[in-house]
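Being a predicted model, the structure only gives us computed values, none of them experimental. Chain A is the first sequence line, chain B the second, and so forth, proteins listed ahead of strands; every chain is numbered from 1.
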There are 2 protein chains.
Amino acid sequence: MSVTIYEIAERAGVSSSTVARILRGDVRESHARSAATARRVRALASEMGYRANLRARAFSRGRTHSIGLLYTDDAWIFEGVNQHVVNSLVRSLQSEGYHLVFCPIDDGNAWEEIVLGGQIDGGVVFQSLPPKVALAVQERRLPLVLLGDNSDPSLPQVVVDDFAGAYAATKHLIGLGHRRVMLFVHETVKPHCSITERQSGYRAALAEAGLAPCEAMLVSEGEATDAIVRGPERPTGVICYSDLESTLLMHALWQFGISVPSEVSIVGFNDVFSTRFMTPPLTTVGFDAAKIGALGAQLVLQGIETSDRAQAPELLTVKPKLIVRGSTGPAASRDG
Amino acid sequence: MSVTIYEIAERAGVSSSTVARILRGDVRESHARSAATARRVRALASEMGYRANLRARAFSRGRTHSIGLLYTDDAWIFEGVNQHVVNSLVRSLQSEGYHLVFCPIDDGNAWEEIVLGGQIDGGVVFQSLPPKVALAVQERRLPLVLLGDNSDPSLPQVVVDDFAGAYAATKHLIGLGHRRVMLFVHETVKPHCSITERQSGYRAALAEAGLAPCEAMLVSEGEATDAIVRGPERPTGVICYSDLESTLLMHALWQFGISVPSEVSIVGFNDVFSTRFMTPPLTTVGFDAAKIGALGAQLVLQGIETSDRAQAPELLTVKPKLIVRGSTGPAASRDG
DNA sequence: GACGAACATGCCACCGGTGTCAAATTAAGC
DNA sequence: GCTTAATTTGACACCGGTGGCATGTTCGTC
């Protein structure tokens with residue numbers, strides 16, 4: 001099949017160990033002779049088109065240099081800002097000699113093979129870690145990192161400071177004179193720590209200003225429209241959980257002829273690229289997605305290196321910042 | 001470390017081969033005795049928490065059951081409709097016992113390790129196959145499938161019938177009375193077969209109606225705005241290469257107070273989810289993205305099974321269809 | 001009950017690296 | 001030049017399955 005170290009060893013007149021060591025790079029080459037053989041071996045390897053067999057290496061070392069991307073929600077990992085996180089993850093891992101493997105977790109048992117069969121050295125969990133997986137993984141002592149999920153405090157994790165983001169967004173609207181500020185989370189969004197965090201930040205800012213929260217967690221697109229647009233006390237400012245809500249809401253308001261921001265101000269979340277081309281461009285809470293991926297990669301690899309589960313797991317936080325664009329403005333009239 | 005077939009064999013009082021065969025499932029169990037041992041072995045395996053070591057299996061069989069996702073453009077694989085393709089690819093592969101590995105190809109040599117080191121059994125190429133990779137892969141006889149790339153006719157591929165899509169879109173506008181129809185491709189879009197195909201379809205439809213093409217391939221966002229909106233002969237209908245163009249154009253027209261569709265009609269491409277919430281909802285050319293992924297998976301696995309490169313490579317085509325929504329309407333006035 | 005076919009089972013080499021240990025070689029010190 | 005320490009090199013077991021081949025067992029048939 002392909003060239004092995006044995007074939008090179010034979011032609012170079014040295015042992016396979018020597019070839020392996022030279023090609024792997026752990027040889028100091030202080031001797032004149034060793035330097036000469038190293039040169040010869042390397043020349044032969046290059047000439048013969050040698051490539052280390054990664055399957056054999058993985059077997060013998062017990063490491064695949066693969067990291068699993070564990071996720072349950074198909075849409076989530078690709079959606080909006082998460083694609084940048086994944087991308088950054090891939091790049092960061094690659095630069096350290098690791099690569100990322102898709103590992104969707106569903107009702108089947110395909111994930112078990114990968115996670116428990118020793119196919120991956122560690123895993124990066126997106127959004128949420130199903131209990132069945134958590135249990136299985138714990139036995140195998142597979143290093144994991146949680147991204148955007150604080151459900152298991154015993155694992156290292158990278159999170160966005162959602163409280164601060166929602167707080168800043170709410171403050172922004174209050175500062176513009178808004179008194180009825182709504183937090184809008186679409187019903188299809190699965191329960192998730194970022195929701196509660198954003199809720200807390202939102203409530204904290206309102207409480208500080210002595211205002212009452214008016215939250216919405218609506219069922220269908222139609223209902224979302226109705227409740228917000230035609231509700232008894234229409235809010236003058238809405239903070240959307242994500243771009244999905246921003247998009248739906250902007251669309252609904254447009255249909256009803258309600259203008260943004262003169263009648264209703266909207267703040268989004270995540271700073272998805274296309275939202276800056278909305279009409280009007282969306283004021284939104286953004287954060288450095290690439291940093292999340294990079295930190296995530298760092299934490300898994302750290303977990304693999306040390307494999308010391310005793311120490312307190314790291315918790316890294318990424319700070320968001322409010323990006324003011326055109327969808328927010330002064331409250332139309334006092335108590336409009 | 002973890003349980004091996006040898007430990008099970010010892011406790012069951014049989015040989016390791018027997019255990020391996022039973023747990024792998026290739027045993028017919030017609031004998032009463034073999035059925036009994038099979039039961040016993042399986043019970044022991046389950047009790048001891050046995051999991052086949054995939055690293056060992058990959059090594060011994062020379063197959064990793066990994067497929068590489070080869071791509072050069074970060075943004076592309078996640079963008080719009082492609083996420084559905086990737087997702088479907090992952091799922092289709094998973095159901096056949098394979099999994100997908102991110103394999104970004106850049107100037108570094110990280111991809112070489114994966115592609116040439118026997119880390120993957122096959123590859124799915126997105127958008128374009130760099131020559132250096134094509135060359136390296138050819139030597140190794142690694143089965144590849146091209147998705148949305150017709151640059152190498154010697155490889156199996158899955159493509160969307162872009163000609164038909166653009167033709168239908170153009171016909172649609174012509175049917176609505178439009179006589180100056182533009183094809184808009186943003187300058188940042190890399191040269192790609194789908195561009196030329198769409199161009200051809202667009203031109204063919206115009207030629208049939210005896211109309212002259214007016215194409216645009218513009219430099220920056222500002223210029224796009226200017227050329228289309230303030231050009232000497234403003235088109236009444238624009239076909240956008242993708243959602244990026246649709247988004248930019250819609251935004252530009254809004255800024256200039258030009259209404260869609262009464263003054264300008266817009267047709268998009270790819271039917272990205274969020275475009276149905278544009279103002280107005282985008283008329284667009286859509287296609288079954290999941291099907292592309294499924295067909296892609298099928299073709300790679302087929303290539304792995306047969307490993308017969310002699311036969312003519314398959315070329316599967318997915319038909320697009322025009323989805324008419326609110327962004328297209330009758331041409332305002334004759335020769336507006 | 002004997003005979004051959006069909007099939008279960010065991011033995012063992014093999015995949016291609018890694019890493020340990022002992023032997024061989026070299027450099028350093030006096 | 002001789003001894004000792006440092007370092008390179010080689011031999012070899014090992015990782016945990018797989019699969020070919022020989023052996024042993026069961027079954028059907030006459």
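For Ala56(A), the listed nucleotide lying nearest its side chain is dG17(C); candidates were dG17(C), dG17(D), dT9(C). Comparing dG16(D), dG19(C), dT9(C) by their nearest atom to the side chain of Arg61(A) picks out dG19(C).
Interface remark: the Arg21(A) side chain does form a donor-acceptor pair with the dG10(D) base, using a distance-only criterion of under 3.5 Å. A donor-acceptor contact under 3.5 angstrom links the side-chain atoms of Ser17(B) to the base of dG19(D).
Of the side-chain N and O atoms in Ser60(B), none sit less than 4.0 angstrom from OP1 or OP2 of dG19(D). Between Thr4(A) and dG16(C) there is no side-chain N or O to OP1 or OP2 distance below 4.0 Å. Checking the phosphate oxygens (OP1, OP2) of dG10(D), a side-chain nitrogen or oxygen of Ser15(A) falls inside 4.0 Å.
Side chain of Asn82(B) to main chain of Trp76(B): a donor-acceptor pair is present (N/O by atom type, distance under 3.5 Å, no hydrogens or angles). Between the His99(B) side chain and the Ala110(A) main chain, no donor and acceptor come within less than 3.5 Å of each other. With hydrogens and angles disregarded, no donor-acceptor distance shorter than 3.5 Å links the side chain of Arg63(B) to the backbone of Asp121(B). Gln83(A) places a side-chain N or O within donor-acceptor distance of the main-chain N or O of Phe78(A), the cut-off being under 3.5 Å. One N or O on the side chain of Ser88(A) and one on the backbone of Ala294(A) form a donor-acceptor pair closer than 3.5 Å.
Comparing Gly13(B) and Arg55(A) against DNA chain C, the residue whose closest nucleotide sits nearer the 5' end is Gly13(B). Each of Phe59(B) and Ala20(A) was matched to the nucleotide of DNA chain C holding its nearest heavy atom; the match closer to the 5' end belongs to Phe59(B).
Counting non-hydrogen atoms under 4.0 angstrom, Arg24(A) reaches the backbone sugars and phosphates but no base.
Note: CZ (Arg51(A)) to P (dG17(C)) measures 12 Å, nearest angstrom. Distance CG (Leu54(B)) to P (dC15(D)): 18 Å, rounded to an integer number of Å. Taking atom CD on Glu10(B) and atom P on dC11(C), their separation rounds to 13 Å, with Å as the unit. We find that CZ of Arg40(A) is positioned 13 Å from C1' of dT9(D), with the value rounded to whole Å. Separating the CD atom of Glu7(B) from the P atom of dG16(D) is a distance of 8 Å, rounded to the nearest angstrom. Following rounding to the nearest Å, His65(A) (NE2) and dT18(C) (P) show an atom-to-atom distance of 11 Å. Rounding to whole angstrom units, CZ of residue Arg57(A) and P of dC14(D) are separated by 22 Å. Rounded to a whole Å, the OH atom of Tyr6(B) is 12 Å from the P atom of dC12(C).
A search for side chain to side chain contact (heavy atoms under 4.5 Å, CB included) contacts involving Asp161(A) returns Phe163(A), Ala164(A), Thr317(A), Lys319(A), Pro320(A), not counting sequence neighbours.
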* Represent DNA chain C in dot-bracket notation, 5' to 3'. Only Watson-Crick or G-U wobble pairs with both distances under 3.5 Å count; pseudoknot-style crossings use [ ] and interstrand partners use |. => ||||||||||||||||||||||||||||||

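Note that the CZ atom of Phe102(B) and the CG atom of Leu93(A) stand 10.0 Å from one another [nearest 0.5 Å].
Counting heavy-atom neighbours within 6.0 Å of Glu10(B) CD, excluding the residue itself, gives a total of 12 or less.
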